[in-house]
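To find a chain, count down the sequence lines: A is the first, B the second, and so on, and within it residues start at 1. Predicted, not measured: the structure shown is a model, and the values here were computed from it. Side chains are part of it too, since the values below use all heavy atoms of this structure and drop only hydrogens, waters and symmetry mates.
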Amino acid sequence: MADKDKLVPRSEDFNEWYNAVVLKADLADYGPVRGTMIVKPYGWTLWENIQAALDKRFKATGVQNAGFPMFIPMSFLQKEAAHVEGFAPELAVVTIGGGQELAEPIVVRPTSETMIGHAYANWIQSYRDLPILLNLWNSVVRWELRTKLFLRTLEFYWQEGHTAHATAAEAEERTRLMLEVYADFAINEAAVPVIRGVKSEAERFAGANETLTIEAMMGDGKALQSGTSHNLGQNFAKAFDIQYLDPNNQLQYCWTTSWGLSTRFIGAIIMTHGDDQGLILPPRLAPYQTVIVPIYKKEEEKTAVLAATARIKAELEDAGIRVHVDDRENLTPGYKFNDWELRGVPSRIEIGPRDVEKHSVALARRDVPGRDGKQFVSQDGLAQTVTDLLADIQQSLLDRATQFRDANTHDVSSYDDFKEAIQSGFARVWWAGSREDEQRVKEETKATIRCFPLDQPGGSGICFYTGQPADKIAIFGRAY
RNA sequence: CGGGGCGUAGCUCAGUUUGGUAGAGCGCUCGGUUUGGGUCCGAGAGGUCGUCGGUUCAAAUCCGGCCGCCCCGACCA
């Protein structure tokens, strides 16, 4: 193997490794406009599997999908003060349409709260119209200064849920429920362990009363906000006049929520599970759960091997396993092994003449790279063997990532220990600081409050930064 | 927008110092060979050297303007 064919090892240069993996694993490519991304079929299939897992969960809570325009009147953005302030710097604005200067500039949606607010104001008259539970699968545009494939691009794909409720309690319940949906998805589908928490004032969504987040730790110890759920209170209801008559014939403002998870999550999967060999995809989301590499020399071997391959492929597919046969003629098996390991396929089946003879296959697991992860198993009951293996890999990935996160999360009480902790991971601390204090910590250490975990230990302690009595724990980290 | 680096074949880059017919490896096409951890041999296709202008008999190479990309900061799902 020539060195130049190799991937930059993750352990050597995490940043370079990430860029190379995205491109070489065939997930995505750069678009022609700076900061834009082309999602290739392999990456899009992964996204489709993410969509399916989320969509099923959304609908189970009563949510329906809808489509909303990507063009928003500029005036809508300006109706909610905090919202416009938050998004103004990163808006893409259309000023010409059909060759004519437009009377009012049109904004390409950076998110749809305002458009939703406009529609809900029209749709809602009575408490009988509530709640409204909608979700949009779309893309949004934010003119970011510094971009990175999947993690931050000018345009990205996501879902944005928008609900309207009669009471504050209901909106709060929905905000928490959707956070729980995200956490369940992340942990059980993507094998990405996440911390559920509340964002600090500084990190809160522009226009929200409260932003909930799931935070994950990447393989380099940095944090990635992987999904968010906002309680918007009555801010947008008041800005857009979303009102209803309650049973007592009193006019009331609605309480709204919004929640989103984007293709950024693909970045989370890459950076949580990947290794020096490349990508490792969680079996439940992987486009291909197993790839079959047929091996043969002579023509009669080829016939027998391909016959066995076709039979095994059919058996696995019948068992609901997503199978791909790599029958490319011009490449050696060794090349294919490396190729599929780079692309993160969770398991691999090799079928050669010896296997045909012994009614066996070589079965490799991606989470244990190289020959070590390979075993010879019988073709009898292979679908079950593979199903069990995939479940085992799914669990192992979650266990490994959880252990890594916990091993790199440190309870600290002094600023010196804090600075040390955030070099390699998260610092868990008592916090009583102000927004300005958080800003100073950021300037001094590059670490920010990722969240105040919902799961608080209780009791009280001394703030590591201000020395004041504190009643809550915060997770600090350097973030993407 | 500040600091740094770079634009030469699909990709990674050499060639620029000292101006003189456009190069290598990988990839791609064709033929053969090989195939249980990145086969080997041969033949071939492929480039207005980012762009505009200047100097010169002659510019990838020297000079100037512009454009673009990457990395580091400020901003962010």
Side-chain angles (χ1 to χ4, degrees), chain A residues 1-8 13 15-16 19-20 23-24 29-35 85-91 110-111 139-148 150-160 182 199 202-206 211 213-215 223-230 258-268 277-278 293-299 301-302 305 326-342 348-358 360-362 364 369-374 376 439 442-443 446 448 479-480:
Chain A
M1 178 188 359
D3 278 354
K4 57 181 162 294
D5 293 334
K6 273 190 169 173
L7 192 65
V8 180
D13 186 339
N15 196 44
E16 184 61 32
N19 288 330
L23 297 173
K24 289 190 162 192
D29 204 350
Y30 292 101
V33 172
R34 177 197 67 84
E85 192 186 334
F87 281 106
E90 52 189 33
L91 294 179
T111 179
S139 71
V140 289
V141 170
R142 298 177 189 178
W143 214 262
E144 301 290 350
L145 300 177
R146 208 168 143 197
T147 59
K148 196 171 178 66
F150 287 119
L151 297 181
R152 194 174 303 105
T153 48
L154 294 198
E155 179 188 14
F156 59 89
Y157 301 92
W158 74 344
Q159 56 71 215
E160 46 175 322
Y182 290 149
K199 279 296 185 187
E203 301 273 328
R204 188 183 297 158
F205 176 75
T211 289
T213 178
I214 51 172
E215 294 285 325
L224 187 72
Q225 178 173 316
S226 304
T228 51
S229 184
H230 313 293
S258 67
W259 24 277
L261 184 146
S262 75
T263 39
R264 167 179 261 199
F265 200 90
I266 291 176
Q277 272 62 242
V293 178
I295 298 162
Y296 47 80
K297 295 183 186 137
K298 309 188 197 97
E299 201 57 30
E301 288 175 347
K302 176 176 176 180
V305 164
D326 187 352
D327 56 2
R328 288 177 290 179
E329 293 274 3
N330 52 337
L331 298 171
T332 61
Y335 182 92
K336 294 177 182 177
F337 299 163
N338 285 286
D339 194 34
W340 290 112
E341 280 175 8
L342 171 62
R348 183 183 68 241
I349 293 169
E350 305 163 21
I351 306 173
R354 294 207 294 275
D355 296 305
V356 171
E357 194 182 319
K358 296 196 294 201
S360 65
V361 299
R371 290 192 183 86
D372 295 341
K374 200 144 81 172
F376 287 89
Q439 181 63 29
K442 182 179 180 181
E443 281 162 14
K446 292 182 180 167
T448 50
Y480 274 98

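For A:T332, the side-chain atoms get nearest to B:rU34 when compared with the rest of B:rG37, B:rU34, B:rA77. Comparing B:rA77, B:rG37, B:rC71 against the side chain of A:F337 picks out B:rG37 as the nearest. Among the nucleotides B:rG37, B:rU35, B:rC75, the one closest to the side chain of A:K297 is B:rU35. For A:I295, the listed nucleotide lying nearest its side chain is B:rG36; candidates were B:rC69, B:rG37, B:rG36. For A:A362, taking side-chain heavy atoms from C-beta onward, the closest of the listed nucleotides B:rG36, B:rG37, B:rA77 is B:rG36. Picking from B:rU35, B:rC71, B:rA77 the nucleotide with the shortest atom distance to the side chain of A:P333 gives B:rU35. In the set B:rG73, B:rU34, B:rA74, B:rA74 carries the atom at the smallest distance from any side-chain atom of A:L145. When each of B:rA77, B:rG73, B:rU39 is scored by its nearest atom to the side-chain atoms of A:Y335, the top-ranked nucleotide is B:rU39.
Once the 5.5 Å centre distance and the 30° plane angle are applied, the aromatic ring of A:F156 is found stacked with the base of B:rA77.
Taking atom P on both nucleotides, B:rG73 is separated from B:rC26 by 37 Å, rounded to a whole Å. Here, B:rG31 and B:rU12 have their P atoms 30 Å apart, quoted to the whole Å. Between the C1' atoms of B:rU61 and B:rU17, the separation comes to 10 Å (whole Å). As rounded to the nearest Å, B:rC67 and B:rA77 have P atoms that lie 31 Å from one another. With both ends at atom P, the span from B:rA58 to B:rG15 equals 26 Å, rounded to whole Å. With both ends at atom C1', the span from B:rA45 to B:rA59 equals 28 Å, rounded to whole Å. On the P atoms, B:rC63 is 12 Å away from B:rG19, given to the nearest whole Å. B:rC6 and B:rC49 are spaced 14 Å apart, taking the C1' atom of each and rounding to whole Å.
Atoms CG (A:N330) and P (B:rG27) sit 11 Å apart, rounded to a whole Å. Per the geometry, CG belonging to A:D29 stands 14 Å off C1' belonging to B:rC69, to the nearest Å. Between the P atom of B:rC26 and the CG atom of A:L23 lies a distance of 22 Å, rounded to the nearest Å. Between the CZ atom of A:R34 and the P atom of B:rC71 there is a distance of 11 Å, rounded to whole Å. When rounded to the nearest whole Å, the span between CD of A:E16 and P of B:rC71 equals 9 Å. A:N19 places its CG atom 15 Å from the C1' atom of B:rU12, with the value rounded to the nearest Å. For the pair A:E443 CD and B:rG73 P, the interatomic distance rounds to 14 Å; values are reported in whole Å. At whole-Å resolution of the value, CZ in A:F87 and C1' in B:rA77 are 8 Å apart.
Residue-level contact check: A:G370 touches the bases, meaning some heavy atom is under 4.0 Å from a base atom. The residue A:Q225 sits close only to the backbone: its heavy atoms come under 4.0 Å of sugar-phosphate atoms, none of a base. Among the heavy atoms of the strands, none lies under 4.0 Å from A:L224. Within the 4.0 angstrom heavy-atom criterion, base atoms lie near A:R354. As judged by a 4.0 angstrom heavy-atom cut-off over every strand, A:F265 is placed among residues making no nucleic acid contact. Among the heavy atoms of the strands, none lies under 4.0 Å from A:S139. Looking at heavy-atom distances under 4.0 Å, A:K374 makes contact with a base. Among the heavy atoms of the strands lying under 4.0 Å from A:R348 is at least one base atom, whether or not backbone atoms are also near. Among the atoms of the strands shown, only primed sugar atoms or phosphate atoms (P, OP1, OP2) are found under 4.0 Å from some heavy atom of A:K442. Counting non-hydrogen atoms under 4.0 angstrom, A:G352 reaches a base of the nucleic acid.
With sequence neighbours excluded, no residue forms a side-chain hydrogen bond (donor to acceptor under 3.5 Å, both in side chains) with A:K336. Partners of A:S262 under the side-chain contact (heavy atoms from CB on, under 4.5 Å) rule, at least two apart in sequence or in another chain, are A:F156, A:W158, A:R264.
Using a distance-only test at 3.5 Å, with no hydrogens or angles considered, no donor-acceptor pair links the side chain of A:R204 to the main chain of A:T211. At least one donor-acceptor pair closer than 3.5 Å links the side chain of A:Q159 to the backbone N or O of A:L261.
Side-chain N/O atoms of A:K446 include one lying less than 4.0 angstrom from OP1 or OP2 on B:rG73.
With a cut-off of 3.5 Å on both Watson-Crick or G-U wobble distances, the partner of B:rA43 is given as B:rU29. When both distances must be under 3.5 Å, the Watson-Crick or G-U wobble mate of B:rC1 is B:rG73. When both distances must be under 3.5 Å, the Watson-Crick or G-U wobble mate of B:rG68 is B:rC6.
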Trace of the side-chain contact (heavy atoms from CB on, under 4.5 Å) decision for A:F205 with A:T228: CA-CA 9 Å; A:F205 176 75; A:T228 51; over 6 Å; no
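Summarising the geometry, atom OG1 belonging to A:T111 is positioned 5.5 Å from atom CZ belonging to A:R142; distances are rounded to the nearest 0.5 Å. To the nearest 0.5 Å, atom CG of residue A:N338 and atom CG of residue A:L331 are 11.5 Å apart.
Comparing A:T263 and A:P369 by the nucleotide of RNA chain B that holds the closest heavy atom to each, the one mapping nearer the 5' end is A:P369.
For the side chain to side chain contact (heavy atoms under 4.5 Å, CB included) with A:T448, the lone residue among A:Q439, A:E203, A:K199 that qualifies is A:E203.
Within 3.5 Å, no donor on the side chain of A:R371 pairs with an acceptor on the base of B:rG36, nor the reverse.
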